[in-house]
Amino acid sequence: MSANIKLRLPDGSAQEHPAGTTPLEVALGISAGLARAAVGALVDGEPWDLGRELPDGEHEFTLVKFDDPEGKEFYWHTAAHVLATAVGRLFPEVRYGIGPAIDEGYYYDFLVDKPFTEDDLEAIEAEMVRIIKEDLPLEREVVDREAARAEMERRGEALKVELIDELPEDAVVSFYRDGDFVDLCKGPHLPSTGRLGVPKLLSVAGAYWRGDENRPMLSRIYGTAFPKKKQLEAYLERIEEAKRRDHRKLGKEMELFSVAEDHGPGMILYHPAGAVLFHEIERLAHAMYRERGYRLVRTPHIFRSDLWRTSGHYEHYRDKMFFARLEGDDADYAVKPMNCPGHVLIYDTGLHSYRELPYRIYEFGQVYRNELSGVLHGMLRVRGFTIDDAHIFCTPEQLGGEIEGVLAFVRDLFAVFGLPVRYTLSTRPEDSMGSDEIWESATAALRGALEHSSLDYDVDEGGGAFYGPKIDVHVTDALGREWQTSTCQADFNLPERFDLTYVGEDGARHRVVLVHRAILGSFERFIGVLIEHFAGDFPLWLAPEQLRVLPVADEFNDYARGVAARFAERGFRVSVDDSNRKLGARIAAAETAKVRYVAVVGAKEVEAGDINLRPHGEKPFNVSLQKALDELTRERDERLLIGRWS
RNA sequence: GCCCUCGUAGCUCAGUCGGUAGAGCACCUGCAUGGUAAGCAGGUGGUCACCAGUUCAAGUCUGGUCGAGGGCUCCA
């Protein structure tokens, strides 16, 4: 038999096989264990079914296991088919949407008269287990495009027909079949359902077909699956841990903030401890803005609507704006959803020489946007929030440098908190204003700045603001959801609308370029992310309560108050707990409240003139009062994430 | 906004078949004066989100309103 297939394996070795060999056979040739663990293969980087015959010729060949990223995708995608198969058996009238693998599992969307409820999940999951036991083979079948369309039409699968119609001209159309269930799918899949271990359905949700609220609402079932029960348990445990970090839960427990749900949904009420976070971050931000040549301004919360018409907000942003009308006055006022028009008015009060540019002004401006009720989420998505908002008016030549400066600012600020970030370049959306040339040059300026700064970034096509393209920065919350923080937007449109100019070297007026940018984004969202990032265990400079002094007994109360006073003199947030409880109970209370340091004082400490210091979650030790003062002052003032003792 | 779930004491939650409301923590009072994660006892605290309806009777059933939680393209 002639060897028609030559494979190069990742370890550098080469193998030859006869035509028609499958990856599973290759795996068996290496070891039985590998054949059991393999879930698919990569042939020249292309995902390949274990049971699908390899093409003739020479190929790079890799076997993929569940632990590989591609492996999880194969595995969960197959689990999604098993879910669809199970639903088809129990609810024969359903029609199918899509069912992809996602980061930590999979979902499948179904078109049904009556949406699924959580109570349905148990029965569906049981049916999935049955299908896995039946060990049905998943068979791949390449079909002619027209035949595929006809078959789906015959089955009444209108959504599948739509998907087929949208496939590119040259696409290979394939079906996968397990039992009675046939799905349009490019694969690959595990060879049979029996290769799946433990499935677990997690939740149901409504989801618009293709995410479009004008299309039908489908019923989505989310699930995950793992080879071993232990892995599933570890996954569920991780979800529980993430819930413990939830800023809404910690915000309540630590009395950081609340939302008066009946009186101001999406509006944050900062309690004293939470206001400390806001204030400390604000202080840091003010210092950083001043160092970078920004000047502070203040602007009103409402303006007459004519301003919003000129700015374009009335046309493009009205849905999210709150309006106010004065009694007995025809003038219509709008509450600001953005700070830019106010800042533009400041720039526009006089002539500006090119010598003054770049003209950078900033404000921690409070804005209101009427977000849909269903998207509100603790501090992370709100209706009233404070932006660290700045506008840079500059010449076209200065634009690239200004954007690079903003990117450096982002890097410096996030470094203080140790928060990892992801960059996105967002291009022109459908609802937008301005010419194509303007958009292209603005987008090029942003892209150039990202490249010069050597930053990795993704592109979000059509994700820009209505007046310009932007670079966004995203951070991740405890449950792995991404939230936008920083933004940097090049705008050639508002300068046109407001006829903003500067006087150039030549004495003539020239059009100014406007950069909108925020670094923290919104204080609310930033604080919410920080709560989850630190799980409430804030670094000393941010901690609402930095030190609590506990006298061992009443006779040491005076000494305790003296110690507290020494720290208070240095500006520390310090308290004394001389309440009528045993020391152990007071220690427990301080630990639960996540107080950064606890100082215990009793006879020994009075004698030695020192304190017994217990960093949050750590073992206590004795240290001289002076040394503690100096060390904690340093830890606070340098904004250390980890102190010498913590 | 739309789909599912939910709303009981300050917090976390129980409340059976429809029969007039319960626990732990917190808080207050007293006892106990204590050395590193929770001493003992007693007490206060509820328009069961709100509005209608069914019923002899509604926290419980039905409808509506308000609000919350999860989700609403990770692209066959």
Side-chain angles (χ1 to χ4, degrees), chain A residues 73 76-77 80-81 96-107 109 112 114-121 148 152 157 159-167 171-176 183-187 202-222 243 246 248-249 252-253 255 258-266 319 370-378 479-482 550-557 578-592 598-605 612-614 617-621:
Chain A
E73 203 183 320
W76 285 329
H77 194 177
H81 277 232
Y96 300 92
I98 57 170
I102 54 177
D103 275 355
E104 304 214 290
Y106 52 88
Y107 65 78
D109 286 345
V112 278
K114 190 181 158 301
F116 296 119
T117 70
E118 308 228 333
D119 294 336
D120 297 322
L121 295 185
M152 282 304 170
E157 298 289 354
L159 303 178
K160 294 292 182 189
V161 170
E162 183 179 329
L163 292 171
I164 293 171
D165 286 343
E166 284 176 19
L167 289 176
V172 174
V173 181
S174 56
F175 281 169
Y176 277 78
D183 202 2
L184 170 71
C185 184
K186 74 179 170 204
L202 299 168
S203 60
V204 295
Y208 296 108
W209 173 237
R210 321 216 104 181
D212 181 346
E213 61 190 338
N214 301 311
R215 307 293 308 266
M217 168 76 62
L218 307 182
S219 188
R220 173 174 296 180
I221 298 179
Y222 281 93
K243 284 184 185 159
D246 191 309
R248 293 164 299 183
K249 185 175 159 65
K252 199 181 273 180
E253 285 170 5
E255 292 178 59
S258 62
V259 177
E261 286 155 2
D262 293 333
H263 308 107
D319 288 354
N370 188 30
E371 302 288 350
L372 293 179
S373 61
V375 305
L376 298 179
H377 184 89
L479 287 169
R481 292 172 296 211
E482 282 207 333
L550 311 188
V552 163
D554 285 351
E555 55 188 300
F556 310 111
N557 285 356
D578 57 2
S579 64
N580 208 6
R581 294 180 290 179
K582 290 179 108 169
L583 183 65
R586 284 178 287 152
I587 296 269
E591 288 287 2
T592 306
V598 171
V600 174
V601 295
K604 280 184 290 190
E605 287 72 27
N612 179 267
L613 194 65
R614 179 186 172 113
E618 306 283 329
K619 290 268 168 276
F621 54 88

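Quick note: numbers below take in every heavy atom, side chains included, and nothing from hydrogens, waters or symmetry partners. Here is the naming used below: chain letters follow the sequence lines, and residue numbers restart at 1 for every chain.
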When you measure from the side chain of A:Ala585, which nucleotide among B:A37, B:G39, B:G1 comes out closest?
B:G39
Which of B:U36, B:C72, B:A76 is nearest the side chain of A:Cys185? It is B:A76
Nearest-angstrom distance, C1' atom, B:U29 to B:G19
37 Å
Base-pair string, RNA chain B, Watson-Crick plus G-U, cut-off 3.5 Å on both distances, | for inter-strand, is (((((((..((((.....[..)))).(((((.......))))).....(((((..]....))))))))))))....
Between the side chains of A:Trp209 and A:Glu162, is a donor N or O closer than 3.5 angstrom to an acceptor N or O?
yes
For the P atoms, the ones on B:A14 and on B:A49, what distance do you get once it is rounded to whole angstrom?
14 Å
Look at all strands and tell whether A:Glu255 reaches a base, only sugar-phosphate, or nothing, counting heavy atoms closer than 4.0 Å.
nothing
State which of B:U12, B:A37, B:C2 makes the closest approach to the side chain of A:Met217.
B:C2
When the distance from CD1 of A:Ile221 to C1' of B:C3 is rounded to whole Å, what number comes out?
13 Å
Atom-pair distance (CZ on A:Arg614; C1' on B:A38), nearest Å
12 Å
Would you mind reading off the distance between A:Ile587 atom CD1 and B:U36 atom C1', rounded to a whole angstrom?
4 Å
Scan nucleotides 66-69 of chain B against the protein and return all N/O pairs shorter than 3.5 Å with their distances rounded to 0.1 Å.
from	atom 1	to	atom 2	distance (Å)
B:G69	OP1	A:Arg248	NH1	3.3
B:G69	O3'	A:Arg248	NH1	3.0

For atom CG of A:Leu202 and atom P of B:C74, their distance in whole Å
18 Å
For a quick check of understanding: with a heavy-atom distance under 4.0 Å over all strands, which category does A:Phe116 fall into, base, sugar-phosphate or nothing?
sugar-phosphate
Could you measure between the two P atoms, the one in B:G42 and the one in B:C48, and give it in whole Å?
28 Å
Candidate nucleotides B:A38, B:G1, B:A76, ranked by approach to the side chain of A:Thr592 - the nearest:
B:A38
What distance, rounded to whole Å, do you find between the two C1' atoms, one in B:C50 and one in B:C13?
22 Å
Around atom CD of A:Glu255, are there more than 12 heavy atoms from other residues, nucleotides or ligands closer than 6.0 Å?
no
Mind calculating the distance between NZ (A:Lys114) and C1' (B:C3) to the nearest angstrom?
12 Å
Winner on side-chain proximity to A:Ala603, out of B:G35, B:U12, B:U36, is B:G35
Any donor-acceptor N/O pair under 3.5 Å between B:G1 base and A:Tyr208 side chain:
yes
Measure from the side-chain heavy atoms of A:Thr117 and tell me the nearest of B:U5, B:G1, B:C11.
B:U5
Report the distance from atom CZ of A:Phe556 to atom P of B:G35, rounded to the nearest whole Å.
11 Å
Separation between the P atoms of B:C40 and B:U33, rounded to whole Å
15 Å
Is it the case that A:Arg215 places NZ or CZ above or below the six-membered ring of A:Tyr208, under 6.0 angstrom from the centre and within 45 degrees of the axis?
no
Roughly how far apart, to the nearest Å, are B:C66 and B:C51 at atom P?
15 Å
Whether each nucleotide of nucleotides 23-34 of chain B has a protein heavy atom under 4.0 Å at its base (B), only at its sugar-phosphate (S) or at neither (-) is summarised, 5' to 3', as ---------BBB
Does A:Glu591 or A:Val173 map to a spot on RNA chain B nearer the 5' end, using the closest nucleotide for each?
A:Glu591
Closest nucleotide among B:C72, B:C74, B:C4 to the A:Pro100 side chain
B:C74
I'd like the C1' distance from B:G22 over to B:G59, given in whole Å.
12 Å
Does the pair A:Arg210 and A:Asp212 meet the rule for a salt bridge (Lys or Arg N to Asp or Glu O under 4.0 Å), with working shown?
CA-CA 5 Å; A:Arg210 321 216 104 181; A:Asp212 181 346; over 6 Å; no
Using atom P of each nucleotide, how far apart are B:A41 and B:A26 to the nearest Å?
13 Å
Comparing nearest nucleotides in RNA chain B, the 5'-proximal residue of the pair A:Pro115, A:Ala205 is A:Pro115
A:Lys243 atom NZ is separated from B:U12 atom P, nearest whole Å, by 15 Å
Can you tell me how far P of B:G70 sits from OH of A:Tyr107, to the nearest Å?
18 Å
